[in-house]
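These figures come from a predicted structure and were not determined experimentally. Convention: sequence-line order gives letters A, B, ...; per-chain numbering from 1.
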Amino acid sequence: MFNWMSQTLAVTALNLRTIPQRLGSSGVAIIGIAGVVIVLVSVLSIASGFTAAMQSSGSPSRAIVMRSGADSEMTSGLTGAEVDVIKQAPGLRREGQTTLASAELYVIIDIHKKSTDTSANVPMRGVQPTVMAVRSEASIVEGRMLEFGTNEIVVGRGASGQFAGLTVGNEFKSGQDTWKVVGVFETDGGVSETEIWCDARVLQGAYRRGNSYQSLLAQLDSSDSFNTFRDWLTANPQVNVQVRREADYYAQQSRALSGLIQGVGFGIAALMGIGAVFGAILTMYTAVSTRSREIATLRALGFNATSVVVSVLAESLALAAIGGALGGVAAYFAFNGYQTSTMNFSTFSQVAFAFQVTPQLLGMGLTYALAMGLIGGLFPAVRAARLPIPTALREL
Amino acid sequence: MKFLPLLWSSLWRKKVRTIFTLLSVFIAFLLFGVLMTIRGAFSFGIDIAGIDRLVLIHKVSLIMPLPVSYLARLNTTEGVTMATHNTWFGGVYQDPANFFAQIAVEPEPFMKLYPEYQVPPEQMQAWLADRQGVMVGVDLAKRFGWKVGDRIPIVGTIWQPKQGQVWEFNIAGLYDGESGIDKTQFFFHYDYLDENRLQGEGLVGWYIVKIGDPGAAQQMGATFDGMFANSSAETKTTTEKGFVEGFAKQVGDIGAIMIAITIAVLFTMILVAANTMAQSVRERTSEVGVLKTLGFSNASILALVLSESVLIAVIGGGLGLATAWAFVQQGDPTGGMLPIFVLPTRDVIFGGALIVGLGLLAGALPAMNAMNLKITDALRRA
């Protein structure tokens with residue numbers, strides 16, 4: 001047993017030490033595997049960034065109320081009277097006389113996107129003065145909060161970065177209205193950072209919506225009071241609404257797009273992985289066949305077949321690990337934090353988000369690389385061990 | 001041609017290696033085909049968008065409606081061949097996940113403006129005759145197993161009917177079209193929508209205007225926008241191509257990402273294939289020496305080695321592209337998210353050129369080495 005161990009170690013060490021001598025073909029294997037890992041990690045980092053933005057938008061301790069049948073704020077509608085009723089519902093948090101709820105309008109407005117220089121559908125939200133109290137994670141990071149009753153707006157950090165003209169102090173015209181940017185806000189990376197906020201009453205006038213809103217966002221008294229709130233509203237004949245937890249609402253909105261990106265990402269990575277396994281097999285075959293005389297000599301000297309198998313596998317795993325690590329590092333530096341924006345199909349509006357290369361993704365990339373190395377090394381290793389010694393010694 | 005057997009036997013000198021080289025080239029071009037298809041799908045049919053059709057939307061944003069009264073003014077403007085309006089319906093069929101586009105149109109002018117949608121004349125008649133009739137794309141009908149005569153209930157999300165929640169439609173016909181045309185849409189009578197909706201009477205989503213001279217698109221656009229300036233609903237006019245392009249750009253640079261991935265894949269594969277081919281020529285140094293001794297010219301050695309690598313590329317890559325094509329023929333695998341799912345002919349031709357290029361590139365270095373080999377060295381080196 002000890003003998004076998006020391007044999008294996010000796011051959012493996014020999015193999016690993018001689019990798020630099022086969023730099024060409026080893027390099028090919030490393031680059032091939034690194035390429036797969038880069039593609040896998042970077043494509044999935046898009047999905048994870050998008051999902052993270054959507055998830056951090058929704059708090060389980062808030063409820064969003066929309067007209068029943070509406071699948072997004074965009075298609076919903078609530079009358080002023082309904083809003084008044086909803087604010088009376090039990091289960092909501094109240095501070096003194098005010099209910100922590102904000103009835104909102106959600107529209108889109110055409111603004112130039114800096115990266116493409118074409119116009120983009122930027123979401124604009126009309127909010128009520130309670131907005132900052134309802135969204136406790138929101139804070140003004142530049143300038144000040146808007147003055148209600150005026151044409152002032154505050155813009156999300158993401159929107160300010162992605163779209164032209166959204167800087168503090170700037171004014172822009174949209175249709176008949178002029179809007180003045182007075183502040184920039186953050187909401188812990190959520191989708192609201194792509195939005196523009198203005199006074200709901202002013203937006204009602206600008207978009208000719210009368211006294212109507214589209215959704216109502218409310219702080220629940222406690223996470224458990226959701227059912228009280230929902231059941232009261234569902235049973236109330238004065239309103240025709242559906243109530244969802246905010247977190248559920250955003251999770252449902254992101255499902256389609258992140259599913260698509262993940263599907264495409266895994267599909268491409270799987271195909272590329274198969275290609276890279278073939279590449280690894282080829283490399284290891286080449287490595288084995290150039291050294292068949294060497295291997296046969298070892299076998300003739302009394303080294304056993306298993307240690308040869310292990311040594312070839314170890315070499316291929318080592319190459320795969322290097323490739324996987326290189327790929328992961330490259331993907332991290334190239335894509336982590338890369339800011340972009342895309343269309344959220346459920347509201348036809350832009351969502352800004354950052355690619356996220358998470359530790360889980362890096363771990364997955366490395367695992368994938370090692371699996372490729374294992375499969376790629378297995379056949380050549382068995383072949384090396386099966387090589388008939390006399391033929392191999394005569395070869396070349 | 002007479003060297004084909006020689007070529008063939010040297011190809012199969014090491015079976016396993018050749019098979020794996022073939023497989024990796026196969027995978028590379030399978031991926032190429034699929035990626036190009038996805039890229040095409042994310043450009044939303046820009047290649048077939050008409051240049052003689054202009055799109056008028058509300059200046060503030062696409063979601064703002066325009067009054068139906070603009071139609072008469074557009075139709076009487078000089079240079080306009082025909083105008084019509086469309087309205088986004090955005091309803092839900094059974095489950096929100098079953099997304100597809102439902103658009104309220106004026107059937108007659110709409111079908112004249114879009115001759116690329118092909119419909120049997122009797123179905124067209126049936127559609128005109130039935131107020132609740134819809135014209136459905138063949139791909140959409142296939143997806144849900146619909147046939148002509150079926151009754152389709154759709155829940156309105158934007159537009160509520162005067163009674164209940166559900167809008168009922170009858171499938172009057174199925175439209176088809178060439179590849180690259182979106183066959184997953186659902187067109188129905190605007191009149192049916194307008195008469196039965198709870199609010200929003202007389203409002204439309206956007207206008208499509210066909211103009212006589214595509215070269216004058218810019219001026220015509222300016223004319224239209226000028227006509228409606230300072231009204232309560234100002235407009236923004238773009239060509240249909242520009243409109244689709246802008247939409248695709250909003251989704252993001254999917255095309256650029258796909259091309260970057262394709263380059264990474266092809267680069268990796270070329271590296272692997274070239275390395276293997278170089279290795280296989282190196283192993284045969286003495287054989288090359290023998291061939292040269294037998295009187296093979298340098299040029300024919302070069303040709304032999306190059307055609308070997310090109311042959312591998314063509315077999316592997318050709319099969320890969322063919323498989324990608326066969327896969328794409330199955331239609332959109334996401335169930336409706338990528339309505340235009342076809343492998344563009346342009347990309348097939350480009351792929352063919354890449355295959356030959358890959359073969360030549362991978363074989364170039366070993367072929368040059370083999371050609372320049374001195375007979376004495378070659379025979380001695382073994």
**Message:** Need one label for Ile46(A): side chain, backbone, both or neither, based on atoms under 4.5 Å from any heavy atom in chain B.
**Reply:** side chain
**Within 6.0 Å of OH in Tyr338(A), more than 12 heavy atoms from elsewhere** = no
**Heavy-atom proximity to chain B below 4.5 Å, by part of Val107(A)** = both
**Request:** Check whether Ser231(B) gets within reach of chain A through its side chain, its backbone, both or neither, counting any heavy atom under 4.5 Å.
**Result:** backbone
**Asked** Can you say whether Val25(B) sits under 4.5 Å from chain A via the side chain, the backbone, both, or neither, judging by heavy atoms?
**Response** neither
**Fill in**
The interface call for Met124(A) against chain B, heavy-atom contacts under 4.5 Å, is neither
**Message:** With side chain to side chain donor-acceptor pair (under 3.5 Å) as the rule and sequence neighbours excluded, what pairs involving residues 154-164 of chain B come up?
**Reply:** none
**Asked** Are more than 12 heavy atoms from other residues, nucleotides or ligands located less than 6.0 Å from atom CH2 of Trp325(B)?
**Response** no
**Asked** Can you name the side chain to side chain donor-acceptor pair (under 3.5 Å) partners of Gln102(B), sequence neighbours left out?
**Response** none
**Asked** Can you name the closest pair of heavy atoms from Lys236(B) and Ser119(A) and give their distance?
**Response** NZ-OG, 3.1 Å
**Message:** Among Asn121(A), Thr75(A), Ile108(A), which residue satisfies the side chain to side chain contact (heavy atoms under 4.5 Å, CB included) criterion with Ile63(B)?
**Reply:** Ile108(A)
**Prompt:** Which atoms of Thr21(B) come close to chain A, meaning under 4.5 Å heavy atom to heavy atom: side chain ones, backbone ones, both, or neither?
**Reply:** both
**Message:** Surrounding CZ of Phe379(A) (heavy atoms of other residues, nucleotides or ligands, distance under 6.0 Å), is the total greater than 12?
**Reply:** no
